[in-house]
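Inspection log for the structure reproduced underneath, given as structure tokens.
Excluded from the calculations below are hydrogen atoms, water molecules and symmetry mates; all remaining heavy atoms, backbone and side chain alike, are included. As the structure lists them, so they are numbered: ligands from 1, and atoms in each ligand from 1. One-based numbering along the sequence shown.
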Amino acid sequence: MVHNFNAGPSILPKEVFQQAAEAVLNYNGSGLSILELGHRTASFEAVMNEARALVKELMQLDDQHEVLFLHGGASTQFMQVPMNLLDDKETAAYADTGVWGTKAIKEAKLFGKVEVVCTGKESNYTIIPKDFAVPNDATYFHITTNNTIYGSQWQKIPYTSIPLVADMSSDIFSRVIDFNRFDLIYAGAQKNMGPAGVNLVVVKKSILGKIKRTIPTIMDYRNHINEGSMLNTPPVFSVFVCMLTLRWLKAQGGVAAIEKLNEAKATLLYNEIDSNPFFRGTVDKADRSKMNVCFVMNDPTLEKSFLSLTKEKNIIGIEGHRLVGGFRASLYNALPISSVTVLVDAMKEFAAAHA
Ligand SMILES: *Cc1c(COP(=O)(O)O)cnc(C)c1O
């Protein structure tokens with residue numbers, strides 16, 4: 001068995017792969033592949049409707065929030081958000097908590113003014129900033145709820161009186177949050193939800209239509225809402241696999257149940273990092289991510305040797321991002337706790353052998 005700690009694209013439930021593979025050959029006994037169905041057929045419309053309904057149910061969204069599945073990665077939303085929400089004379093507030101936040105800021109500046117209200121840059125993004133003010137005349141406030149590369153996460157969401165926009169690509173559906181308090185949420189699918197190539201966008205209708213700019217048809221969220229997320233051909237296979245993953249999540253007991261499991265996985269690994277003399281975490285304890293666990297070795301010359309031990313144990317994808325070095329273990333929803341135990345045992349074994 002392979003233990004897949006990849007940061008993204010990443011592990012999905014085995015049964016989802018099984019069902020997706022069957023549907024590629026013969027969808028629902030139709031004799032057709034899911035890949036050759038017209039997107040306007042009743043069969044595919046049922047998929048899109050169920051996927052959207054499952055998002056609403058699992059996130060417990062109210063009727064003011066619309067659910068869309070749109071083309072492109074989360075990086076597309078870095079520009080589509082300000083294109084739809086920010087006039088060129090207005091200012092948006094952004095929190096800079098890592099690589100993805102920085103990239104979102106760069107794109108927003110193409111459409112209007114940006115005030116970076118806090119940054120973790122001086123500490124190489126090992127903390128989530130605490131004391132900062134968000135101007136209450138800013139058009140919206142943008143945060144990245146989980147910083148996939150540096151391994152930090154907002155444990156307490158910084159709600160303010162202005163509309164809140166969040167990139168939740170790497171912790172969507174991993175923990176209970178009051179999603180209705182957000183005006184716009186987006187997430188690339190490939191971290192916790194499905195295959196790459198589709199974005200989930202949850203948007204409160206009332207924040208749209210307030211700017212003067214002419215928005216290209218395909219970029220305007222309102223057109224997608226009006227067409228039930230079928231303005232053009234959606235990424236049908238990606239949406240289908242997202243639907244299967246959301247069904248799986250519901251069968252596990254939903255977000256609250258998976259959150260418990262995610263906490264158990266993160267606690268198991270962080271406890272080992274904190275007690276094993278060979279390792280240390282890179283992020284302030286209070287701000288550690290439960291999805292992406294970043295750690296290094298106290299003696300970096302041993303890292304190669306630890307990595308080869310983990311390879312022997314079929315542990316995949318724990319090399320750290322090049323900006324951080326060391327290791328990163330991503331503990332997404334579909335990763336079983338037994339895989340974390342295998343990693344923790346490898347760390348113990350390494351420590352014993354080198355003591
Ligand atoms: C992976 C990731 C992205 C980028 O997603 P793409 O699909 O590659 O555009 C953006 N934000 C966060 C938080 C991510 O984890």
Side-chain angles (χ1 to χ4, degrees), residues 4-12 68-83 92 94-108 110 116 118-121 125-126 128-129 141-155 157-158 164-175 177 179 182 184-202 218-219 234-235 237-239 241-242 245 262 266 282-283 287-294 317-324 328-335:
N4 181 3
F5 291 88
N6 275 330
S10 43
I11 188 169
L12 291 172
L68 301 172
F69 284 96
L70 303 182
H71 286 273
S75 306
T76 312
Q77 293 306 311
F78 294 164
M79 63 96 178
Q80 196 168 357
V81 165
M83 186 188 277
Y94 275 71
D96 173 24
T97 54
V99 171
W100 301 115
T102 309
K103 291 191 183 197
I105 289 166
K106 175 166 176 258
E107 299 305 295
L110 299 172
V116 179
C118 60
T119 177
K121 197 171 178 179
Y125 300 108
T126 54
I128 293 287
F141 176 35
H142 179 285
I143 62 169
T144 313
T145 49
N146 182 70
N147 299 286
T148 327
I149 291 174
Y150 291 99
S152 68
Q153 187 175 31
W154 292 87
Q155 301 304 339
I157 304 295
L164 184 58
V165 174
D167 175 358
M168 293 196 188
S169 294
S170 51
D171 67 351
I172 188 99
F173 298 119
S174 72
R175 56 174 170 161
I177 299 182
F179 297 103
F182 292 77
L184 197 148
I185 295 167
Y186 61 92
Q190 71 272 23
K191 312 281 166 61
N192 229 356
M193 190 167 42
V198 68
N199 269 318
L200 171 66
V201 173
V202 171
I218 196 74
M219 285 292 133
F237 189 63
S238 294
V239 174
V241 180
C242 286
T245 310
N262 288 336
T282 53
V283 171
D287 302 324
R288 286 169 161 180
S289 167
K290 297 195 173 83
M291 289 282 102
N292 311 100
V293 176
C294 291
I318 59 159
E319 294 89 346
H321 190 279
R322 68 195 143 75
L323 290 172
V324 184
R328 170 176 53 172
S330 297
L331 315 180
Y332 296 122
N333 286 353
L335 184 85

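- Which parts of ligand 1 touch Phe78 is read off a 4.0 Å heavy-atom cut-off, strictly below it: atoms 10 (C).
- How far CG of Leu200 is from OH of Tyr186: 12.5 Å, rounded to the nearest 0.5 Å.
- Distance from atom 7 (O) of ligand 1 to its nearest protein heavy atom, with residue and atom name: Gln190 NE2, 2.8 Å.
- Considering CG of Asp287 and CH2 of Trp154, their distance stands at 9.0 Å, rounded to 0.5 Å.
- Against a heavy-atom cut-off of under 4.0 Å, Gly73 is close to the following atoms of ligand 1: 6 (P), 7 (O), 9 (O).
- Note: Tyr150 OH to Thr282 OG1 = 10.5 Å, rounded to the nearest 0.5 Å.
- Where the criterion is an N or O separation shorter than 3.5 Å, residue side chain and backbone included, Gly188 fails it with respect to ligand 1.
- At a cut-off of 3.5 Å, with distance as the only test, a side-chain donor of Asp96 or Tyr125 sits close to an acceptor on the other residue.
- Looking only at side-chain heavy atoms (C-beta outward), His142 and Ile105 stay at 4.5 Å or farther from each other.
- Side-chain atoms of Arg288 and Val293, non-hydrogen and from C-beta on, never get closer than 4.5 Å to each other.
- Looking at atom 11 (N) of ligand 1, its nearest protein heavy atom turns out to be Asp167 OD2, 2.7 Å.
- Annotation: Thr144 places no N or O atom under 3.5 Å from an N or O atom of ligand 1; distance criterion only.
- Among protein heavy atoms, atom 9 (O) of ligand 1 sits closest to Ser75 OG, 2.5 Å.
- By the criterion of a heavy-atom distance under 4.0 Å, neither the backbone nor the side chain of Tyr186 is placed next to ligand 1.
- In terms of protein heavy atoms, atom 14 (C) of ligand 1 is closest to Lys191 NZ, 2.9 Å.
- Polar contact check, Thr148 against ligand 1: a nitrogen or oxygen pair lies under 3.5 Å apart.
- Asn333 places no side-chain N or O within 3.5 Å of a backbone atom of Asn192 that could act as its donor or acceptor partner.
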